[in-house]
Peer 1: 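To start, I am sharing the structure in question, which I have written as structure tokens.
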Amino acid sequence: MSKEKKQTPVNTPGVLTRKERHSAILRYMTMGVNNFNYETQQGPSVVWAFSKVLRKIYPKDDEYVEALDNHFKYFNTTTAMANIILGATLAMEEKDGIKSKDAVQSLKTSLMGPFAGIGDTIIWVLFPTIMGSIAGYMAVQGNPTGAIAWILFDMLLFWARIKLFDLGYNSGVKLITSLGERLSIFTEATSVMGLTVVGTLIATVVKVYTPLTFMTGKVKLAIQSGILDKIMPALLPALVAYMVYTLLGKKSWTPTKVILLIVVISLVGAFTGLLGVQPQ
Amino acid sequence: MSKEKKQTPVNTPGVLTRKERHSAILRYMTMGVNNFNYETQQGPSVVWAFSKVLRKIYPKDDEYVEALDNHFKYFNTTTAMANIILGATLAMEEKDGIKSKDAVQSLKTSLMGPFAGIGDTIIWVLFPTIMGSIAGYMAVQGNPTGAIAWILFDMLLFWARIKLFDLGYNSGVKLITSLGERLSIFTEATSVMGLTVVGTLIATVVKVYTPLTFMTGKVKLAIQSGILDKIMPALLPALVAYMVYTLLGKKSWTPTKVILLIVVISLVGAFTGLLGVQPQ
Amino acid sequence: MSKEKKQTPVNTPGVLTRKERHSAILRYMTMGVNNFNYETQQGPSVVWAFSKVLRKIYPKDDEYVEALDNHFKYFNTTTAMANIILGATLAMEEKDGIKSKDAVQSLKTSLMGPFAGIGDTIIWVLFPTIMGSIAGYMAVQGNPTGAIAWILFDMLLFWARIKLFDLGYNSGVKLITSLGERLSIFTEATSVMGLTVVGTLIATVVKVYTPLTFMTGKVKLAIQSGILDKIMPALLPALVAYMVYTLLGKKSWTPTKVILLIVVISLVGAFTGLLGVQPQ
Amino acid sequence: MPHLLQDLLILILPAYALLDNQGITILNYWPVTVGLVAGLIMGDMHTAMVIAGTFQLMSLGVAGLGGASVPDYGLATIVGIYLAARTGAGIGTAVAVGLPVGLLAIQFDVVIKLANNFIAHKAQEYAHKKEFNKMRMINWLGPLFFTMKDFIPMVIIITVGPSAVSAVLNVIPKWVTNGLTIAGGMLPVVGIGMLMHYMPTKKYIWAILAGFVFAAYLKLPVFGVAILGLAAAIIIFQQGMAKANKKNAAVAEGVDDSEEGDDYDE
Amino acid sequence: MPHLLQDLLILILPAYALLDNQGITILNYWPVTVGLVAGLIMGDMHTAMVIAGTFQLMSLGVAGLGGASVPDYGLATIVGIYLAARTGAGIGTAVAVGLPVGLLAIQFDVVIKLANNFIAHKAQEYAHKKEFNKMRMINWLGPLFFTMKDFIPMVIIITVGPSAVSAVLNVIPKWVTNGLTIAGGMLPVVGIGMLMHYMPTKKYIWAILAGFVFAAYLKLPVFGVAILGLAAAIIIFQQGMAKANKKNAAVAEGVDDSEEGDDYDE
Amino acid sequence: MPHLLQDLLILILPAYALLDNQGITILNYWPVTVGLVAGLIMGDMHTAMVIAGTFQLMSLGVAGLGGASVPDYGLATIVGIYLAARTGAGIGTAVAVGLPVGLLAIQFDVVIKLANNFIAHKAQEYAHKKEFNKMRMINWLGPLFFTMKDFIPMVIIITVGPSAVSAVLNVIPKWVTNGLTIAGGMLPVVGIGMLMHYMPTKKYIWAILAGFVFAAYLKLPVFGVAILGLAAAIIIFQQGMAKANKKNAAVAEGVDDSEEGDDYDE
Ligand SMILES: OC[C@H]1O[C@H](O)[C@@H](O)[C@@H](O)[C@@H]1O
Ligand SMILES: OC[C@H]1O[C@H](O)[C@@H](O)[C@@H](O)[C@@H]1O
Ligand SMILES: OC[C@H]1O[C@H](O)[C@@H](O)[C@@H](O)[C@@H]1O
């Protein structure tokens with residue numbers, strides 16, 4: 001691949017230079033989940049990282065704020081995989097400006113779930129398990145080779161993650177060019193996939209567990225495994241998700257209030273023994 | 001909640017007083033499955049219970065008979081859960097009279113399956129297992145406290161079941177008011193849910209088992225687990241369900257004949273050893 | 001059933017006599033998978049068997065070649081079950097001639113998967129397991145009775161397979177008569193069922209396995225079970241299927257080349273230890 | 001309490017408790033609750049509770065769902081308590097005699113539910129003849145039959161004694177009791193078959209197929225299947241609404257394409 | 001029976017049984033049935049059946065589905081019986097020598113199915129040239145090849161003796177036999193790939209995805225998947241019919257909206 | 001290396017490694033990699049690696065997915081290595097003291113992620129006020145808080161010594177740490193709830209239901225669910241396209257039925 005080709009991966013002349021784009025994704029990669037919050041999770045990280053390139057795309061203040069608000073919203077996925085998504089959305093915003101707002105949001109919300117599934121498995125579970133077992137075993141024998149190899153692999157991964165961003169950016173442009181006005185249908189369809197994953201997240205990521213038991217003489221019945229799990233697995237997480245979703249839909253309830261409510265419930269639950277940490 | 005509000009839970013003035021409605025559901029709760037038959041199961045129980053209030057709703061004999069015939073049809077669910085359904089259908093009949101016939105039938109047939117699933121689990125499996133293990137253990141030590149507590153809980157449940165009826169009645173009115181002419185689409189959709197459950201019932205409630213084995217020397221092959229289950233689990237129940245469904249569709253075959261046929265087949269099967277009781 | 005009735009099972013007078021039809025299916029039953037190849041599998045067997053009756057249906061050379069080409073395509077199912085399908089398609093071709101071409105192909109491709117599922121289970125797994133365990137046990141005691149019985153059962157099965165062909169032939173005529181112009185919708189719908197099974201075949205019939213392991217000291221990680229299976233079960237078969245499907249869609253790649261490629265990959269894989277035979 | 005009064009009350013107890021359990025469910029028919037009452041009647045609460053508790057723990061998880069017939073542990077309990085009080089039989093003996101009576105009741109249960117079929121038909125017949133009072137009255141036969149189911153063995157036990165039970169049990173051949181149990185397992189299919197005729201089974205046969213596969217192969221519990229069914233129902237509802245709205249819109253525009261919708265519904 | 005006739009018959013037996021099993025399936029090719037015939041030929045039914053029975057029980061559940069290659073237990077049986085009769089080898093030895101021959105046949109099977117590919121192409125070529133007789137005749141090569149698969153090892157064993165088998169086996173490196181076995185496991189994918197090109201794969205790719213997930217993750221057997229596929233097919237059929245009816249109705253009303261339907265089908 | 005410089009570097013190490021791992025992930029924060037650096041700093045690579053390896057094998061499979069909080073094995077490792085080098089504590093002691101510090105960090109993690117919420121709101125506020133520089137700057141508080149999480153325990157350990165850790169641990173009641181851990185398990189639901197409000201949840205609620213059943217009941221992993229979701233998405237896309245094409249065709253023919261489409265989308 002020639003240097004020139006690399007610098008102009010799309011036909012439409014972009015507002016941003018390759019360097020500006022890379023500086024944006026490097027900002028995101030640096031911040032990562034370092035300002036993670038329970039409400040919008042990686043949202044602020046994306047805003048912080050892309051605020052400069054977005055400024056260039058949206059010279060008008062109003063549009064800029066609108067675009068920022070869009071990215072302030074909930075976003076969360078494996079950071080390595082996020083690069084693909086953010087590459088694509090940057091391409092979309094660069095080409096269509098504020099008109100792409102809904103499509104951008106839709107692409108983010110629908111892809112982040114499935115991408116987290118595959119990304120977390122590889123990046124946070126498989127890779128550290130492999131490297132950790134090898135390097136860990138070497139280490140207990142006083143040998144640091146595995147640890148050094150790990151850092152080298154991380155560097156390789158760092159490079160690959162920038163490539164993933166480029167991939168997303170180029171695909172993003174292709175996507176909008178080929179889909180054209182059908183983009184809204186496309187994003188609606190991807191939302192369906194995203195929502196399917198949301199159903200899974202409720203069942204697996206959200207953890208609510210009660211250690212309560214009925215006990216009398218030699219008879220003991222655990223509320224969680226003996227009753228709740230028999231009615232429906234992940235019953236409590238489903239109820240909590242429904243409750244939170246409903247509360248968030250009410251004018252009087254802000255996400256912050258909901259978070260505080262959950263913290264209070266958790267503390268009270270821990271104090272009274274109504275809630276507990278699920279034994280592995 | 002004020003007394004008055006309780007007495008007029010709906011905007012449209014009903015034909016029936018609250019007392020009449022409660023008398024109907026009390027009749028149903030008394031009869032329950034005390035006249036259960038294999039063909040229409042709780043159908044006659046519903047007719048017996050609601051014959052008086054329906055008479056009031058349908059002063060014309062023809063409409064009355066039509067409405068009764070509607071309720072004579074197959075109905076079966078956990079009796080506690082039936083209260084919700086019967087509350088809703090009573091509201092529908094009270095408001096729309098004989099025009100609601102199909103919607104009433106559809107609501108009953110589509111909800112009874114899912115409601116039985118959750119209701120039976122709680123009312124007939126979980127609750128007696130909890131109370132039974134506690135009270136049973138106390139009893140073997142000569143202590144009747146658990147038994148007394150059980151009866152008290154039953155009284156609470158009795159009260160709750162009446163509330164479930166009221167809930168169904170009020171929701172029923174809301175349902176028809178908000179759905180309006182879309183009711184037929186709604187009932188068709190609920191039928192889909194009902195039929196999904198019918199598929200499950202065939203696989204789980206209907207039990208057909210053959211104890212036949214091929215045996216020669218030390219080689220033994222059970223027809224049920226070695227052949228039938230390998231072709232398809234619940235193969236025999238599925239075939240029997242198909243056969244019964246087909247027979248019931250024929251003019252020459254009444255349900256009674258089908259029942260007799262099954263009894264004869266069961267007796268012959270037991271005599272010849274072709275059929276048996278599945279070991280747990 | 002009278003002789004006459006048997007000889008004219010359909011209202012429309014067919015081009016072929018019962019004898020000609022049976023001779024065709026007997027040819028197929030004789031060839032079976034005796035000229036099986038990896039690309040089109042039983043395709044040539046069907047062509048060889050039906051070449052004579054098709055000649056009679058298509059007196060024009062061009063149509064004949066077109067019809068042959070149609071049957072040269074990939075076909076594979078349990079041979080006993082194929083009889084049903086081939087009976088039906090013969091009826092279709094007899095009635096509608098070359099116009100039925102797409103419908104014939106569609107019926108074959110969509111039914112062969114599901115039919116193989118049930119047919120293989122019964123004909124190649126259950127029946128030989130039963131007969132084999134009985135006859136095998138008798139044999140080790142020097143007793144040939146079981147073996148003789150097996151051959152007799154095979155004769156019975158032979159007769160039944162001819163009946164299956166007749167069944168397919170008669171249903172086939174009924175099918176086209178009743179469906180009429182809706183045939184294309186029908187075949188499209190059956191394709192959906194066929195494709196669902198194709199997804200299953202990829203996951204179960206195609207076998208690709210790597211015996212590679214990471215090993216260091218006492219820590220050992222199998223690539224197959226520790227990584228690939230955790231990303232997705234049947235990941236390699238899915239990738240191979242995708243690759244083969246893509247290659248086959250390219251002008252420059254013939255099926256023969258693809259087959260050679262796979263053989264080369266297998267040999268190289270075996271030599272280098274990258275690929276292996278999955279332990280049971 | 002005089003013996004006669006005790007006999008009378010103990011005779012009524014299982015019949016009442018059965019009807020209660022199948023209806024209002026206040027006393028219910030589990031060993032400990034009927035054992036409590038039996039203990040009050042027979043005047044030896046301790047023995048009564050021990051026997052009841054034994055049967056209760058034996059019956060954990062037993063549930064007659066979907067019209068299935070299960071052992072009558074309530075009857076077994078009462079028989080056991082009565083015998084213990086009258087003959088001074090030990091708890092072991094009381095349980096050993098009570099249990100087969102409870103098991104025998106399975107057969108009776110199947111027979112009654114078969115018999116009730118004729119009542120149901122008769123009642124509907126009366127409805128068609130507009131004899132509404134008769135329609136109602138005949139339904140009392142159901143509870144009456146169920147009463148008999150527990151009444152008859154109790155009468156025999158009280159008048160003839162426990163040996164009678166085994167005599168009766170020996171008369172009935174094993175294949176008959178077995179056959180009735182098998183029939184009890186199979187008969188719920190009739191209701192299901194009826195139900196399928198009231199529902200749009202042919203149109204939505206795919207829903208039955210899916211429900212069957214999830215339950216039979218993947219062992220998905222009924223509630224899980226119901227949620228998937230709900231998901232499908234929501235789609236059907238949305239599509240139905242979309243079609244209806246479109247039809248309305250078309251009508252408003254003066255284009256009458258009502259036929260098409262009907263075709264689809266067939 | 002003279003030795004020469006026995007040799008001749010025993011030579012033909014596996015080849016015939018193989019073709020029979022892959023076609024009419026009357027004698028079939030399982031150990032006990034071919035062992036029966038081998039016993040008749042060699043004149044020692046008892047020994048024949050014991051060897052056959054041993055291989056039969058060893059092969060329970062082995063099935064060459066979807067074009068997969070499996071050990072040739074029929075050939076193994078015949079080799080074992082022949083050696084036992086000729087050399088007086090014990091049953092253990094007979095089995096030990098027969099088995100590797102049967103395993104070797106897996107490799108040959110893969111090679112033949114590869115070779116048959118060329119026959120298929122040749123036949124189709126003849127069809128296009130309208131040389132229909134040649135098209136038919138060339139297909140005989142398939143059975144001929146399969147005949148050779150069993151014929152050649154039998155000839156070697158009869159003429160050179162069992163030691164030849166191990167000699168041949170030692171010549172072929174392990175990675176070649178392994179590689180062919182691996183290829184045998186992978187090659188059915190070609191047929192599947194072809195099939196996907198004949199079917200509306202792109203339009204209904206979702207059906208493949210769903211079938212894959214149910215089979216790979218949830219281990220739903222193929223028949224269960226087929227039922228779910230049937231459910232989906234019914235829906236597609238109903239929607240197709242509804243659309244067709246609507247189009248017809250529209251045509252009847254004089255509104256020609258035929259394009260739309262076509263668009264959808266693309 | 002003078003002690004003071006060692007102390008300074010060892011103080012910075014966990015804070016940097018944490019931010020690195022949560023961002024660029026080059027050094028990362030696993031025991032062996034931070035242990036490697038700690039060994040370089042403290043000058044005893046062998047002891048450092050043994051302690052690090054012990055913690056590494058202990059932490060296999062631990063992953064903070066979806067914003068979950070997990071034990072801070074990196075911090076534990078550094079504390080252990082520091083103590084071993086300074087006090088000559090054996091490896092057992094080093095691990096025993098390091099571990100509770102790592103566990104304590106779970107609580108801090110929850111508190112920081114709660115605190116970050118306020119930063120996020122503040123930042124958005126600045127955006128609305130068009131103070132874009134402030135909007136950016138305030139985000140540095142996040143990394144700062146995370147730095148503190150590891151900085152504070154390290155300062156205490158270095159200045160006061162290991163006994164301080166247990167003192168702090170004893171002050172905080174069990175129910176508070178437990179409660180924060182429970183909150184950490186539950187809080188990801190807020191993000192999910194927000195997400196649902198951005199997506200067409202009501203229209204496609206069936207997708208959530210299906211995903212839930214497959215995950216909760218059938219234990220289908222998220223990637224399997226995503227494939228099924230993809231299958232559904234393809235269908236939705238095709239139907240959407242068909243409708244759009246039809247509408248275009250209709251418009252081209254001069255029949256305006258745009259309303260119908262809109263109705264469906266509501
Ligand atoms: O299963 C629903 C319902 O079926 C029958 O009516 C009885 O067995 C009830 O106890 C049960 O609740
Ligand atoms: O699986 C279908 C079919 O595939 C091939 O044709 C052979 O392996 C047959 O034995 C089998 O029945
Ligand atoms: O699960 C997706 C994502 O969630 C959070 O952002 C963090 O826990 C990340 O480590 C993880 O990759």
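Because the structure is predicted, anything quoted here is derived from the model rather than measured. Labels below follow one simple rule: chain letters A, B, ... track the order of the sequence lines, proteins then strands, and each chain is numbered from 1. No hydrogens, no waters, no symmetry mates; every other heavy atom, side chains included, goes into these values.
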Peer 1: Under 4.5 Å heavy-atom distance to chain B, tell me which part of T201(D) shows up: side chain, backbone, both or neither.
Peer 2: both

Peer 1: What are the two closest heavy atoms between P144(B) and L36(D), and how far apart are they?
Peer 2: CB-CD1, 3.5 Å

Peer 1: Examine whether an atom of L209(D) lies under 4.5 Å from a heavy atom of chain B, and if so say whether it belongs to the side chain, the backbone or both; otherwise answer neither.
Peer 2: neither

Peer 1: Is any side-chain heavy atom of H128(D) less than 4.5 Å from a side-chain heavy atom of D69(B)?
Peer 2: yes

Peer 1: Drop me the distance from F72(B)'s CZ to H121(D)'s NE2, to the nearest 0.5 angstrom.
Peer 2: 10.5 Å

Peer 1: Looking at chain B, which one of I205(D), D20(D), N28(D), I51(D) has the largest number of heavy-atom pairs inside 4.5 Å, strictly under?
Peer 2: N28(D)

Peer 1: Among V32(D), L187(D), V190(D), who wins on heavy-atom pairs under 4.5 Å with chain B?
Peer 2: L187(D)

Peer 1: Tell me, for F158(B) versus chain D, whether the close heavy atoms (under 4.5 Å) come from the side chain, the backbone, both or neither.
Peer 2: side chain

Peer 1: Between N117(D) (side chain) and N37(B) (backbone), is there a donor-acceptor pair under 3.5 Å?
Peer 2: no

Peer 1: Measuring from atom CG of L201(B) to atom CE of M196(D), what distance do you get when rounded to the nearest 0.5 angstrom?
Peer 2: 11.0 Å

Peer 1: If I compare all heavy atoms of N35(B) with all of P143(D), which pair ends up nearest, and what's the gap?
Peer 2: CB-CD, 4.4 Å

Peer 1: Considering only heavy atoms, which portion of T272(B) lies under 4.5 Å from any heavy atom of chain D: side chain, backbone, both, or neither?
Peer 2: neither

Peer 1: Highest number of heavy-atom pairs under 4.5 Å with chain B: which of T147(D), I112(D), V225(D)?
Peer 2: V225(D)

Peer 1: Compare every heavy atom of M199(D) with every heavy atom of S191(B), then report the nearest pair and how far apart it is.
Peer 2: O-CE, 3.6 Å

Peer 1: Rounded to the nearest 0.5 Å, what's the gap from CD on Q22(D) to OG1 on T30(B)? Could you check?
Peer 2: 13.0 Å

Peer 1: With only heavy atoms counted, which part of Q42(B) is less than 4.5 Å from chain D, the side chain, the backbone, both or neither?
Peer 2: neither

Peer 1: Under 4.5 Å from any heavy atom of chain D, what part of L68(B) do you find: side chain, backbone, both or neither?
Peer 2: side chain

Peer 1: Mind checking the CG-NZ spacing from L195(B) to K203(D)? Nearest 0.5 Å is all I need.
Peer 2: 11.5 Å

Peer 1: Y38(B) versus V110(D): any side-chain heavy-atom pair under 4.5 Å?
Peer 2: yes

Peer 1: Which value, rounded to the nearest 0.5 Å, describes the distance between L114(D) atom CG and E39(B) atom CD?
Peer 2: 11.5 Å

Peer 1: Can you say whether Q56(D) sits under 4.5 Å from chain B via the side chain, the backbone, both, or neither, judging by heavy atoms?
Peer 2: side chain

Peer 1: Identify which of I26(D), I235(D), N21(D), T181(D) forms the greatest number of heavy-atom pairs closer than 4.5 Å to chain B.
Peer 2: I26(D)

Peer 1: Between V213(D) and chain B, which part of the residue has a heavy atom less than 4.5 Å away: side chain, backbone, both or neither?
Peer 2: neither

Peer 1: Tell me whether the rings of F271(B) and W175(D) are parallel (<30°), tilted (30 to 60°) or perpendicular (>60°).
Peer 2: perpendicular

Peer 1: Answer yes or no: is there a donor N or O on one side and an acceptor on the other, between the side chain of N178(D) and the main chain of A270(B), under 3.5 Å?
Peer 2: no

Peer 1: Between chain D and each of I262(B), V268(B), V208(B), count heavy-atom pairs under 4.5 Å; write down the option with the most.
Peer 2: I262(B)

Peer 1: Under 4.5 Å heavy-atom distance to chain D, tell me which part of M112(B) shows up: side chain, backbone, both or neither.
Peer 2: side chain

Peer 1: Any heavy-atom pair between the side chains of F237(D) and T190(B) that's under 4.5 Å?
Peer 2: no

Peer 1: For residues F212(D) and P233(B), report the shortest heavy-atom separation together with the two atoms involved.
Peer 2: CZ-O, 3.6 Å

Peer 1: With a 4.5 Å heavy-atom cut-off, do H197(D) and Y74(B) have their side chains touching?
Peer 2: no

Peer 1: How far apart are the closest heavy atoms of V206(B) and I192(D), and which atoms are they?
Peer 2: CG2-CD1, 3.8 Å

Peer 1: Using a 4.5 angstrom heavy-atom cutoff, name the option from W140(D), Y217(D), F145(D), F55(D) with the most pairs to chain B.
Peer 2: Y217(D)

Peer 1: Does V222(D) reach the side chain of T204(B), with side-chain heavy atoms less than 4.5 Å apart?
Peer 2: no

Peer 1: A side-chain contact here means heavy atoms from C-beta on lying under 4.5 Å apart; do F146(D) and V33(B) qualify?
Peer 2: no

Peer 1: Please report the shortest heavy-atom distance between I185(B) and M241(D), naming the atom on each side.
Peer 2: CD1-SD, 3.8 Å

Peer 1: Which atoms of Q41(B) are under 4.5 Å from chain D, going by heavy atoms: the side chain, the backbone, both sets, or neither?
Peer 2: side chain

Peer 1: What part of A123(D) gets closer than 4.5 Å to chain B, counting heavy atoms only: side chain, backbone, both or neither?
Peer 2: both

Peer 1: Counting only non-hydrogen atoms closer than 4.5 Å, does F153(B) touch chain D with its backbone (N, CA, C, O), its side chain (CB onward), both, or neither?
Peer 2: neither

Peer 1: How many angstroms lie between CD1 in I227(D) and OG1 in T196(B), if you round to the nearest 0.5 Å?
Peer 2: 12.0 Å

Peer 1: Is F214(D) close to T200(B) at the side-chain level, that is, under 4.5 Å between some pair of heavy atoms?
Peer 2: no

